[in-house]
Participant: 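Below you'll find the structure I mean.
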Amino acid sequence: MDTLCFNTATLIAGVFVLDYGADKFLDHTVIVGRRLGISPTLIALLTAGAEYEELAVVVAAILQHRSPLALGNVMGSAISNILGAFSLGLLFNPGGMEFDRSAKIYSALLLSVNTLFVALAFFDQLNRVTGGILIAMFALYIISIGYAIYKGISEPPEMSDSDSDEEVPTTDEERLIGRAGWSSASESSPLLPNTNPPQEDNRKLPQPLYQHVLQLFFGLLALSLSGYILAHSAGAIADSLQLSGTVFGLTVIAFATTLPEKLICVLSGLRGQGGIVVATTAGSNIFLLTLCVGVVAVAGGPVDQSDTFVLFDLVIVWMSALCFATVVFLGACRIAGLVLLAAYIVFLILEFTVYKR
């Protein structure tokens with residue numbers, strides 16, 4: 001009992017370290033990119049729809065020879081992003097969301113990637129070759145984003161995984177833009193007249209670039225540490241409760257590591273920003289099902305057949321993507337959000353009862 005309590009406390013502490021590391025890493029990645037003249041739109045797409053914390057957990061689990069936990073975490077996070085986070089965005093929206101053409105493209109692309117992953121997993125084809133293909137697909141996905149930005153096709157999402165930025169806007173217009181618009185207006189320009197009151201002239205100056213680079217690597221270190229903590233404590237708890245690593249990754253770990261996405265979807269839903277909800281959900285799942293699954297497949301660790309996913313898990317992964325695309329193409333309402341959230345609760349109950357293995 002004492003071991004279970006200790007590992008539970010360690011798991012909770014690991015979640016806090018994970019959130020802190022992800023927030024630190026993403027914040028300073030944006031600032032460094034802006035200082036170096038990299039497109040803020042590209043940075044926004046890479047941060048709002050990236051699951052670096054999930055990748056840290058996956059790598060740590062693989063290093064500890066817990067491939068089922070890694071794959072279960074990826075699949076559970078993909079389900080949680082749609083049935084858990086996307087549904088909350090729909091529920092907290094005061095009116096019906098309207099999705100533009102880019103949102104529909106994202107949802108269709110996610111459904112295609114989802115179908116490919118389910119087919120590979122069902123036919124037991126997740127190996128080094130297909131893993132390399134998935135990683136290459138992720139690289140092409142990133143390149144296509146950069147090309148779309150270069151051609152002026154893509155529009156930036158209005159939020160990232162973090163709402164904080166230490167470089168505080170100084171004017172009312174900048175406060176309205178801030179991190180929500182991924183605008184460089186938060187850095188004051190010497191060409192603009194000084195309209196601030198005298199008492200505001202002594203505000204904190206922006207930090208040098210090297211400090212942001214150090215903070216970026218510090219956040220990456222926190223991500224790596226939290227991934228090790230979560231993977232190790234989750235495996236110990238699963239053993240104590242006689243649960244498979246796959247089930248624990250599908251439920252508890254996936255729910256904990258997708259808390260930032262749930263917060264983003266709630267805030268975006270309250271503001272009626274459907275494009276942000278879709279971009280965050282679709283981008284995160286594409287990241288998971290290409291790069292993260294590719295890393296698991298390339299690692300090629302031995303997997304105990306009694307501790308692998310079942311057909312039920314694959315069906316839920318694919319059905320959630322289909323529901324996501326259907327809602328985006330047909331239009332959103334609170335009833336759809338309620339149905340998706342109820343489906344997520346049923347999924348968790350079934351995993352802990354019927355499919356606990």
Participant: Nearest heavy-atom pair of L340 and C323: which atoms, and what distance?
Facilitator: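 For L340 and C323, the tightest heavy-atom pair comes out as CD2-CB, 3.8 Å.
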Participant: Can you give me the closest heavy-atom contact between S320 and I82, atom names plus distance?
Facilitator: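 So the two residues come closest at O-CG2, 3.4 Å.
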Participant: Which pairs of donor and acceptor atoms, one on a side chain in residues 6-14, lie under 3.5 Å apart (sequence neighbours left out)?
Facilitator:
| unit_1 | atom_1 | unit_2 | atom_2 | d |
| --- | --- | --- | --- | --- |
| N7 | ND2 | T3 | O | 2.9 |
| T8 | OG1 | L4 | O | 2.7 |
| T10 | OG1 | F6 | O | 2.8 |

Participant: Do F329 and Y106 belong together in a cluster built from hydrophobic side chains that touch within less than 4.5 Å?
Facilitator: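 No, because F329 and Y106 fall into different hydrophobic clusters, even though each may have its own neighbours under 4.5 Å.
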Participant: Taking a hydrophobic cluster as the set of Ile, Leu, Val, Met, Phe, Trp and Tyr residues connected by side-chain heavy atoms closer than 4.5 Å, whether directly or through intermediates, do V315 and V74 fall within one such cluster?
Facilitator: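 As far as the 4.5 Å side-chain criterion goes, V74 and V315 are connected within one cluster.
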Participant: Mind checking whether W318 and L111 have side chains closer than 4.5 Å, heavy atoms only?
Facilitator: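 Side chain of W318 against side chain of L111, heavy atoms only: contact under 4.5 Å found.
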Participant: Say you draw a straight line from CD1 of I142 to CD1 of I286; how long is it, rounded to the nearest 0.5 Å?
Facilitator: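 Taking CD1 in I142 and CD1 in I286, the distance rounds to 9.5 Å.
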Participant: Going hydrophobic residue to hydrophobic residue with side-chain gaps under 4.5 angstrom, can you get from F117 over to F123?
Facilitator: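 Yes, one cluster joins them.
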Participant: Kindly work out whether a path of hydrophobic side-chain contacts (I/L/V/M/F/W/Y, heavy atoms less than 4.5 Å apart) joins V129 to V113.
Facilitator: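 Yes, V129 connects to V113 through the hydrophobic network.
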Participant: Would you mind reporting whether V298 and I135 have side-chain heavy atoms less than 4.5 Å apart?
Facilitator: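 Side chain of I135 against side chain of V298, heavy atoms only: contact under 4.5 Å found.
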Participant: So, the side chain of S284 versus the backbone of T281: is there a donor-acceptor pair under 3.5 Å, distance only?
Facilitator: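 The answer is no, because no donor-acceptor pair under 3.5 Å joins these two groups.
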Participant: Can you say whether the rings of Y344 and F347 are parallel (under 30°), tilted (30 to 60°) or perpendicular (over 60°)?
Facilitator: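 Rings of Y344 and F347: parallel, under 30°.
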Participant: Take L83 and L341 through the test side chain to side chain contact (heavy atoms under 4.5 Å, CB included) and record every step on the way to the result.
Facilitator: CA-CA 5 Å; L83 300 185; L341 185 60; over 6 Å; no
Participant: Kindly determine whether Y141 and L109 satisfy side chain to side chain contact (heavy atoms under 4.5 Å, CB included), including the steps that lead there.
Facilitator: CA-CA 10 Å; Y141 166 71; L109 178 60; 4.1 Å; yes
Participant: So, the side chain of T326 versus the backbone of L322: is there a donor-acceptor pair under 3.5 Å, distance only?
Facilitator: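 Yes, T326 side chain to L322 backbone: donor-acceptor pair under 3.5 Å.
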Participant: Kindly work out whether a path of hydrophobic side-chain contacts (I/L/V/M/F/W/Y, heavy atoms less than 4.5 Å apart) joins L88 to L338.
Facilitator: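 Cluster IDs for L88 and L338 match.
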Participant: Identify the heavy atoms of S87 and G337 that sit nearest to each other, and give their distance.
Facilitator: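 So the minimum-distance heavy-atom pair works out to CB-O, 3.3 Å.
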Participant: Indicate yes or no: at least one non-hydrogen side-chain atom of M75 is less than 4.5 angstrom from one of L314.
Facilitator: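 In short, these two side chains touch, coming nearer than 4.5 Å.
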Participant: Out of curiosity, L140 CG to I133 CD1, how far, rounded to the nearest 0.5 Å?
Facilitator: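 L140 CG to I133 CD1: 11.5 Å, rounded to 0.5 Å.
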Participant: Are more than 12 heavy atoms, taken from residues, nucleotides or ligands other than I335, located less than 6.0 Å from that residue's CD1 atom?
Facilitator: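 Not more than 12 within 6.0 Å, no.
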Participant: Identify which one of T130, L134, L288 satisfies the side-chain contact (heavy atoms from CB on, under 4.5 Å) criterion when paired with V293.
Facilitator: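 Per the side-chain contact (heavy atoms from CB on, under 4.5 Å) rule, the option paired with V293 is L134, out of T130, L134, L288.
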Participant: Could you pull out the closest heavy-atom pair between V278 and A103, with the gap in Å?
Facilitator: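 So the minimum-distance heavy-atom pair works out to CG1-O, 3.5 Å.
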Participant: Mark yes or no for whether E351, through its side chain, and I349, through its backbone, hold a donor-acceptor pair below 3.5 Å.
Facilitator: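 No: the side chain of E351 does not pair with the backbone of I349.
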Participant: Please report the shortest heavy-atom distance between V327 and A336, naming the atom on each side.
Facilitator: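 Scanning both residues completely, I find the closest heavy atoms to be CG2-CB, 4.2 Å.
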Participant: Distance check, rounded to the nearest 0.5 Å: I79 atom CD1 versus D313 atom CG?
Facilitator: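 Taking CD1 in I79 and CG in D313, the distance rounds to 6.5 Å.
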Participant: Rounded to the nearest 0.5 Å, how far does CZ of F122 lie from CG of L311?
Facilitator: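 Interatomic distance, L311 CG to F122 CZ, rounded to 0.5 Å: 6.0 Å.
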Participant: Does some side-chain heavy atom of S77 sit less than 4.5 Å from a side-chain heavy atom of N73?
Facilitator: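 Yes, close enough: below the 4.5 Å cut-off.
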Participant: Can you tell if the side chain of L126 reaches within under 4.5 Å of the side chain of V296, non-hydrogen atoms only?
Facilitator: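 L126 vs V296: side chains apart.
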Participant: Flag the pair N81 / F86 as yes when at least one side-chain heavy-atom distance between them is below 4.5 Å, and no otherwise.
Facilitator: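 Answer no - side chains too far apart.
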Participant: A side-chain contact here means heavy atoms from C-beta on lying under 4.5 Å apart; do F324 and N114 qualify?
Facilitator: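 The answer is no; the side chains never approach within 4.5 Å.
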Participant: Nearest 0.5 angstrom please: L289 CG to F138 CZ, how far?
Facilitator: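 It comes to 12.0 Å.
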Participant: Does some side-chain heavy atom of M137 sit less than 4.5 Å from a side-chain heavy atom of L116?
Facilitator: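 Sidechains of M137 and L116: in contact.
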Participant: Tell me the closest heavy-atom pair linking A70 and A61, and the distance in Å.
Facilitator: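 Heavy-atom minimum between the residues: CB-CB, 3.8 Å.
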